[in-house]
Q: 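One structure, as structure tokens, below. Some questions next.
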Amino acid sequence: MRCMPVIAMQATLEPVKITIFSIPRIALKAHLTELLTQAAKAVAPEQADLAIVLERPKSAEHGDFATNLAMMLARPLKQNPRAIAESLINALPASHYVAKTEIAGAGFINFFLSPAAKHAVVRDILSKGNDFGRHSHGQKRKVQVEFVSANPTGPLHVGHGRGAAVGDCLCRLLDATGWDVTREFYYNDAGAQIDNLTLSVQCRCKGLTPDDPAWPEDGYRGDYIVDVANAYMAKEKIDAEDKHVIGAGDPDNTAAIREFAVAYLRREQDLDLRAFDVHFDVYSLESALYTEGKVEKTVQQLIASGHTYEQDDALWLRTTKFGDDKDRVMRKREGGYTYFVPDVAYHVDKWQRGFTRVINEQGADHHSTITRVRAGLQALDIGIPQAWPDYVLHQMVTVMRGGEEVKLSKRAGSYVTLRDLIDEVGRDATRYFLAARRADSQLIFDIDLARAHTNDNPVYYIQYAHARICSVLEQWGGDTSILPDTALAPLTTTHELALLQRLAEYPKTVETAAQELAPHIIAYYLKDLAGDLHSYYNAQQFLVEDEAVKHARLALVFATRFVLQSGLQLLGVNAPEKM
RNA sequence: GCGGCAUUAGCUCAGCUGGAUAGAGCAACGGCCUUCUAAGCCGUAGGUCACACGUUCGAGUCGUGUAUGCCGCACCA
């Protein structure tokens, strides 16, 4: 059958009568590592410090765990790897958890776990419920995640949507791994873009259109500007997050227009985010950094640090000392500060609030700010680490509809907004599609696919797996509280073993996704898990006559349901009980 | 020109600290509903992992170079 593997059976296999309540995957791995360490000590005492690597083979034929230890020892021992592998296996202590070992390929040692070891994960899940897969590695340390941070100059577009989906999932992942997460949104409500917004609204108030010769060159041309202008002229009341503004109705009152327009658009963005089920703990305003004197204070400290200089009537920061390719202007010739100055002040504020870990999720088109902000923080010399804060950058989103690209252009106003997507394809599908790709690769959002209620659509595929389980449990009608104590010995088919294996990988998957700040790993895992469930479902009946078999299978799918729920929750996607 | 990201099946994309025969989904073709929801399953076909060198037992993965695409390179944000 298999191409010439040397099978070495363990001397003692029998007494698996031992009760295994819960063997986390990691403990199993540690157990095998210990066995190998002892074997290595016997075979190659000189190489005792060699790190033992155990990995999960891609193919089930290669067992549940494999090690390349024999290959690593081949060179120092000057022996054939397969011969070394045989010696290692002979020196391996017996274990209840190991059913079989074999040598394969160039000298891999494959481990096949006993059924009891594989079943353990079901008990583990059913005792922990939705907590299965959660870790406490974060030790309740504080982490702040800043994301979206759109300028209040227009509705959120798809790019912001990607930031919202990815950022929110990051928060959920960090929370699941034991961090104390603060979600923060930074509004750039000061500066030139807001002046431009104010001017654009004012022009609309006065009846100008973008086609008019008097229309400002960089003015915002979108129709939403008309809405803002109309609301202002109609003296509407805006209830924003932290203040209430009433339109003055006077086209010449620039200050009033500015305040109204910003409040109006902030409210719009808040509503969009709420519809996306994304919520923030803290909203920070750029304007507040000015009014509270934090910008000025930072500037004074930078000057005091000696890293600034005056040239051409402007104030410069010597960012080249901190890895930038050229120095940057801090205070412009006409007096105002450039954007990165309040941004540095903002990050000083974050640091002083005690966030030793900060993650900024933003579009890759803002990449250049990273060096500048970090340089400013380093120049202050207040003990901030060089690589602080962390950044997660997402690449551009291209929206496709009917096989054609829908162009994004904020200034032109003809772009797909986040709200458009939510309305058209639904919240779940939008969130899934925007979070299911690696952040640093460009994303093509296919509206037609996302809104398809067919098996093409991975969102429904996953949700359907969950709904199927719920349906089975409902038809069974029994009390699920008996399932955690069910004997699992009847679970022996390849479908069942595959599902058990997948479930056991969940905690590691969550940990990896959190560590790498990569929510898409969860999305892919869920697709695979749903696939295992669907295959199982089609291959075998769960509600069978034999009570022992039925209960064992129900325990397995019940456990699967918890993991599907937990994973979907990490993505912020619903787990419907019926579809 | 400089910097960042990318390049894997016809299309959209995975591929964990280097490991065994590179994987899904869609599209194509062929099967499965008197049985727990066919929003599902099973099978077939589809590849010079952009290219070239290098590192080593072993490279899609690491290094250097080249090509192509996107993004950035303001006294905008």
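Treat the numbers as computed from the prediction; the structure is a model and nothing was measured. Sequence lines set the chain letters: A, B, ... in the order given, protein chains first and strands last, and positions in each chain run from 1.
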Q: Could you go step by step and tell me if A/T493 and A/E496 meet the side-chain hydrogen bond (donor to acceptor under 3.5 Å, both in side chains) rule?
A: CA-CA 5 Å; A/T493 66; A/E496 286 159 349; 3.1 Å; yes
Q: Taking atom types as they are modelled, would you say the side chain of A/Q193 forms a donor-acceptor pair with the base of B/rC76 within the 3.5 Å cutoff?
A: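 Present.
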Q: Could you give the distance separating B/rG65 and B/rC2 at their P atoms, to the nearest angstrom?
A: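 My reading of the P atoms in B/rC2 and B/rG65 gives 11 Å.
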Q: Among B/rA39, B/rG72, B/rA38, find the nucleotide with the atom closest to the side chain of A/Y537.
A: B/rA38
Q: Output a table of nitrogen or oxygen pairs between the protein and nucleotides 42-47 of chain B separated by less than 3.5 Å.
A:
unit_1, atom_1, unit_2, atom_2, d
B/rC42, OP1, A/S535, OG, 2.8

Q: Regarding A/A467, tell me which of base, sugar-phosphate or nothing describes its non-hydrogen contacts under 4.0 Å with the strands shown.
A: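 Base contact - A/A467 has a heavy atom under 4.0 Å of at least one base atom.
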Q: RNA chain B: stems of at least 3 consecutive Watson-Crick or G-U pairs, cut-off 3.5 Å?
A: B:1-7 with B:67-73, B:10-13 with B:23-26, B:28-32 with B:40-44, B:50-54 with B:62-66
Q: Remember a base hit wins even if backbone is also touched, and classify A/A314 as base, sugar-phosphate or nothing at under 4.0 Å, heavy atoms.
A: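 Since a base atom lies under 4.0 Å of A/A314, the category is base.
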Q: I want to verify the glycosidic state of B/rC73; is it syn or anti under the 90° rule?
A: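 B/rC73: anti.
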Q: Between the protein and nucleotides 15-19 of chain B, which nitrogen or oxygen pairs are less than 3.5 angstrom apart?
A:
unit_1, atom_1, unit_2, atom_2, d
B/rG15, OP1, A/H520, NE2, 3.1
B/rG19, N7, A/N68, ND2, 3.3
B/rG19, O6, A/N68, ND2, 3.0

Q: So for atom NZ, which belongs to A/K321, do other residues, nucleotides or ligands contribute more than 12 heavy atoms lying within a distance under 6.0 Å?
A: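 Result for NZ/A/K321: open.
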Q: Is any side-chain nitrogen or oxygen of A/S441 closer than 4.0 Å to OP1 or OP2 of B/rA14?
A: yes
Q: With heavy atoms under 4.0 Å as the rule, sort A/L543 into base, sugar-phosphate or nothing.
A: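 Answer is base: heavy atoms of A/L543 come under 4.0 Å of a base.
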Q: Considering only atom P, compute the distance from B/rA9 to B/rC33 and round it to an integer number of Å.
A: 35 Å
Q: Give one of base, sugar-phosphate or nothing for A/L197, where a contact means two heavy atoms less than 4.0 Å apart.
A: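 Result for A/L197 = nothing.
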Q: With rounding to whole Å, what would you report as the distance between B/rU66 and B/rC41 at their C1' atoms?
A: 47 Å
Q: When the C1' atoms of B/rG58 and B/rA14 are compared, how many Å lie between them, rounded to an integer?
A: 23 Å
Q: Let's see if you get this right: which residues in residues 336-347 of chain A place a heavy atom under 4.0 Å from RNA chain B?
A: A/T338, A/Y339
Q: When we call it a touch if two heavy atoms are under 4.0 Å apart, what does A/A66 touch: a base, just sugar-phosphate, or nothing?
A: base
Q: Could you please name the option among B/rA6, B/rC36, B/rA77 that lies closest to any side-chain atom of A/D440?
A: B/rA6
Q: If you draw the axis of the six-membered ring of A/Y187, does the NZ or CZ of A/R266 fall within 45° of it and under 6.0 Å from the ring centre?
A: yes
Q: Just checking A/Q540: base, sugar-phosphate only, or nothing, at a heavy-atom cut-off of under 4.0 Å?
A: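 The residue A/Q540 makes base contact.
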Q: For the rings on A/Y461 and A/H534, is their centre-to-centre separation under 6.0 Å?
A: yes
Q: Using a 4.0 Å heavy-atom cut-off across all strands, classify A/Q442 as base, sugar-phosphate, or nothing.
A: base
Q: Please measure how far the P atom in B/rU8 lies from the corresponding atom in B/rC51, and state the result in whole Å.
A: 10 Å
Q: Among the candidates B/rC36, B/rA77, B/rA20, find the nucleotide nearest to the side-chain atoms of A/T369.
A: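 From the listed options, B/rA77 comes nearest.
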Q: Sticking with atom C1', work out how far B/rG25 lies from B/rA39, rounded to a whole angstrom.
A: 15 Å
Q: Do A/R468 and A/Y537 form a cation-pi contact, if we require the NZ or CZ to be under 6.0 Å from the six-membered ring centre and within 45 degrees of the ring's axis?
A: yes
Q: Rounded to whole angstrom, note down the P distance from B/rG15 over to B/rU61.
A: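 Between the two P atoms, the distance is 14 Å.
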Q: Mind listing the N/O atom pairs, protein and nucleotides 23-33 of chain B, below 3.5 Å?
A:
none

Q: Please work out which residues in residues 326-335 of chain A have a non-hydrogen atom less than 4.0 Å from an atom of RNA chain B and list them by number.
A: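 Under 4.0 Å from RNA chain B: A/K326, A/V329, A/K332, A/R333.
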Q: Output, in order, the C-alpha distance, side-chain angles, deciding distance and verdict of side-chain contact (heavy atoms from CB on, under 4.5 Å) for A/E511 and A/H137.
A: CA-CA 9 Å; A/E511 192 185 359; A/H137 298 169; 3.3 Å; yes
